[in-house]
Participant: 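Just passing along the structure, written as structure tokens.
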There are 2 protein chains.
Amino acid sequence: MAPNDTGYEKQHLSTASMTDSHNASFKAADLVIQLSSAPKHKPNVVNFGSVFTDHMLTVEWSVAEGWKAPLIRPFGNLSLHPACSALHYGIQLFEGLKVYRGVDNCLRLFRPMLNMNRMANSAKRACLPAFDQSELLECIRRLVEVDQDWVPLSDSGSLYIRPTFISTEASLGVKKPTSALLYVIMCQAGSYFHTEAGALTLWADPKYTRAWKGGTGDCKMGGNYGCSLLAQYEAGDYGCQQVLWLYGEEHQITEAGTMNIFLHWTNEDGEEELATPPLDGIILPGVTRQSILELTRKWGEFQVTECHLTMTQLCCALKQQRVKEMFGSGTACMICPIGHIVYQGENLHVPYQDKHSQLTSRIAKELSDIQYGRTPSNWTFLV
Amino acid sequence: MAPNDTGYEKQHLSTASMTDSHNASFKAADLVIQLSSAPKHKPNVVNFGSVFTDHMLTVEWSVAEGWKAPLIRPFGNLSLHPACSALHYGIQLFEGLKVYRGVDNCLRLFRPMLNMNRMANSAKRACLPAFDQSELLECIRRLVEVDQDWVPLSDSGSLYIRPTFISTEASLGVKKPTSALLYVIMCQAGSYFHTEAGALTLWADPKYTRAWKGGTGDCKMGGNYGCSLLAQYEAGDYGCQQVLWLYGEEHQITEAGTMNIFLHWTNEDGEEELATPPLDGIILPGVTRQSILELTRKWGEFQVTECHLTMTQLCCALKQQRVKEMFGSGTACMICPIGHIVYQGENLHVPYQDKHSQLTSRIAKELSDIQYGRTPSNWTFLV
């Protein structure tokens, strides 16, 4: 089935950055499908990202031959040269999106062109070749179609799609790849965080920095995540599930783990505001983040602002009881309320009652209604 | 042959950070060797890092079983799960060292325990498991022995050794790896840079930042390099071979491409000085860097200082003709003189006559005499 006719974001389809024939994209029309002869058993409840579907999409590129025809084939290992520069120099990037089985049994993606476009931006930053975003989306749609039985019938479950793009340059020396592999795998999503209380506890310490101006914090490149691991484990020593990443002398609030951060508060001017850090180069431009901004701006019930927020501002607002809620947003976790922040030896309590916190649950419900087809929206893309 | 008896740095052998049996290291005594039945033809002149020897070392680790026995086997592709977190989250690191064929036909490594120790530090930062550095070195020595015919008989050639350590965790979700692969490949070294004049031209622009306090700039993690590629190619647009990475508002000089940076000048106090940025967390602790510092301090002929240097200081010194030489240092390039720096629209000329620049060539000769066994030294490790 083609993009649905309820108003899919067609303007994005023309943003493919094809500048010359050398970089001409692969085409979904050339797709070759090799079906698996031994489909797997589908377990019911699993951890996030550990059980994969029966098929994967692979598209090879080389500077000599350009893009080869895309291929859907049985899920299996990759054979990589040990000098492969994706393994030595982190020349790699990924995306994350989900496919939902709606109440009408139709399968829906949520604003997938935003992921395709972000992937193209990451590729540019990583010196990997350009491709036509809408052709990739169509290939992904076909992959989902092939493995459609893996999408759970559930009002909270989904299948997680992981487009990945790596250099396969088989020589050392830090240089632009002359060969690359774009591939897409899909896995059962499960629950990303394991919090019984339902609200996250974050560790805020300036000791580690996630991203910096002039770096790659606004792209989904692998290196952004590998460098975060040690901090994440140190957070565990303080009883926290995730890091709240700070930036600069003023301890600006930036992101938490794999989530963007939102603060619902009464700001210093006495106005009710939903605030999140701006896309100034160190923040990942999250699809859920953008959707929350657009959704709440449409409501027009309070200020919705992209602005720098410091820990001093937050501590002061908590003390003066001006904070209503804080939450993280991301494709893996969707919306996750924040209950505590450990900062400078203090355990800061962020207002949070239960799973039905006002704004957090309202946004979660509106987004989920769109994703599961309970509310018609041009943000969905029918498979 | 064991570490030589001319005074090899034994103190390093005890620094292995083995804390419990769970992390107990692999042992070189368990090494299994499977020889290739089809040795390759050895081409004479090649680009850096494109032709590999006949064998490789692999050592597998898993949280369940610990380290397996190390294996020397025919060089070949790796079979990796497509969700492998080395490919998604840059959980990967490497080292680089060289083996030299001396004038006495003996094979020598140059201060290899410094590489082993740095590798162990990188592993800690990347949340990869600990290993005994001296056991790894012994495994590498055995690998070199197996492929010893690949080490060229030349007073400038060498064989480049690339230890690599990657997560093989086969599930998504940003987390500590439960399986990993340590491997070592070796390749013909050739010349790293292609400069006819012999001196590098660097592009210094604050637009991109290599590393940041609280990041991984002092480790050899893959992400440090992938994020540098775009800047390196933009440098090419300005006729430069490499980036001179700046840091902060003051445009501190940090590193150039894959090299540490040295400035030989008359400093602001009128003293002759060899200066290089300090190891403050954003500088890679280079083996060549450390050796140059130790060597020149032993000479006692001028100040040898680790201190912050800004572009303002450099521009002023160039204007006042207080700069004698600048050079980069690294295992791949060894010592590389710098001839020009493009900064804020200006092409700054750094004094550099020819390949026999005074200090650059004196240091290069002393290090090379040690590496090729012309000068006895406890910095070499006999294979």
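Just so we're on the same page: letters track the sequence lines, and every chain starts at 1.
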Participant: Do you know which of Ile166(B), Asn224(B), Leu181(B), Leu87(B) has the most heavy-atom pairs under 4.5 Å to chain A?
Facilitator: Leu87(B)
Participant: If you tally heavy-atom pairs under 4.5 Å against chain B, which of Lys213(A), Met221(A), Lys176(A) wins?
Facilitator: Lys176(A)
Participant: For the residue pair Trp212(A) and Trp212(B), categorise the inter-ring angle as parallel (less than 30°), tilted (30 to 60°) or perpendicular (more than 60°).
Facilitator: parallel
Participant: May I ask you to name which of Lys207(A), His81(A), Arg210(A) has the most heavy-atom pairs under 4.5 Å with chain B?
Facilitator: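 Greatest number of close heavy-atom pairs with chain B: His81(A).
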Participant: What residue, out of Lys175(B), Arg162(B), Glu169(B), has the most heavy-atom pairs lying under 4.5 Å from chain A?
Facilitator: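 Answer, by heavy-atom pair count under 4.5 Å with chain A: Arg162(B).
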Participant: Quick check on the 6.0 Å ring-centre criterion: do Phe94(B) and Tyr225(B) meet it?
Facilitator: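 Ring centres of Tyr225(B) and Phe94(B) closer than 6.0 Å.
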Participant: Of the backbone (N, CA, C, O) and the side chain (C-beta and beyond), which part of Ala211(A) lies under 4.5 Å from a heavy atom of chain B, both, or neither?
Facilitator: neither
Participant: Only pairs of heavy atoms separated by less than 4.5 Å count here; which of Thr216(A), Ile185(A), Thr58(A) has the most with chain B?
Facilitator: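 Between Thr216(A), Ile185(A), Thr58(A), the count favours Ile185(A).
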Participant: Would you say Lys98(A)'s side chain and Ala332(A)'s backbone share a donor-acceptor pair under 3.5 angstrom?
Facilitator: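 It does hold such a pair.
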Participant: For residues Trp203(B) and Asp237(B), is any side-chain donor paired with an opposing acceptor at under 3.5 Å?
Facilitator: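 On atom types as modelled, these side chains do not qualify, holding no pair under 3.5 Å.
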Participant: Check each atom of Ala86(A) against the heavy atoms of chain B and say whether the ones under 4.5 Å are side chain, backbone, both or neither.
Facilitator: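 Answer is both: backbone and side chain atoms of Ala86(A) are under 4.5 Å from chain B.
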Participant: May I ask you to check whether Tyr160(B) and Phe48(B) place their ring centers less than 6.0 Å from one another?
Facilitator: yes
Participant: Need one label for Phe165(A): side chain, backbone, both or neither, based on atoms under 4.5 Å from any heavy atom in chain B.
Facilitator: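 For Phe165(A), neither part sits under 4.5 Å from chain B.
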Participant: Would you mind checking which part of Tyr208(B) comes under 4.5 Å of any heavy atom in chain A, side chain (CB onward), backbone (N, CA, C, O), both or neither?
Facilitator: both
Participant: Counting only heavy atoms closer than 4.5 Å, note whether Cys227(A) contacts chain B via side chain, backbone, both or neither.
Facilitator: both
Participant: Under a 3.5 Å threshold, yes or no: a donor from one side chain and an acceptor from the other, between Asn77(B) and Ser79(A)?
Facilitator: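 On atom types as modelled, these side chains qualify, holding a pair under 3.5 Å.
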Participant: Does any heavy atom of chain A fall under 4.5 Å from the side chain of Ala170(B), the backbone, both, or neither of them?
Facilitator: backbone
Participant: Salt bridge (charged side-chain N to carboxylate O under 4.0 Å, His left out), that's the test. Do Glu95(A) and Arg118(A) meet it? Break it down for me.
Facilitator: CA-CA 8 Å; Glu95(A) 270 302 324; Arg118(A) 188 171 62 185; 2.7 Å; yes
Participant: Please look at Thr164(B) and chain A and tell me whether the side chain, the backbone, both or neither of the residue comes under 4.5 angstrom of a heavy atom of that chain.
Facilitator: side chain
Participant: Verify the distance criterion only: is there a donor paired with an acceptor across the side chains of Tyr89(B) and Gln92(A) at less than 3.5 Å?
Facilitator: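 No donor-acceptor contact under 3.5 Å links the two side chains.
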Participant: With respect to chain B, which residue among Gly96(A), Gly223(A), Ser171(A) yields the maximal number of heavy-atom pairs within a distance under 4.5 Å?
Facilitator: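 Going by pairs under 4.5 Å, I would pick Ser171(A).
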Participant: Is Thr254(A) reaching over with its side chain to a backbone N or O of Trp245(A), donor-acceptor style, under 3.5 angstrom?
Facilitator: yes
Participant: Can you say whether Ser167(B) sits under 4.5 Å from chain A via the side chain, the backbone, both, or neither, judging by heavy atoms?
Facilitator: neither
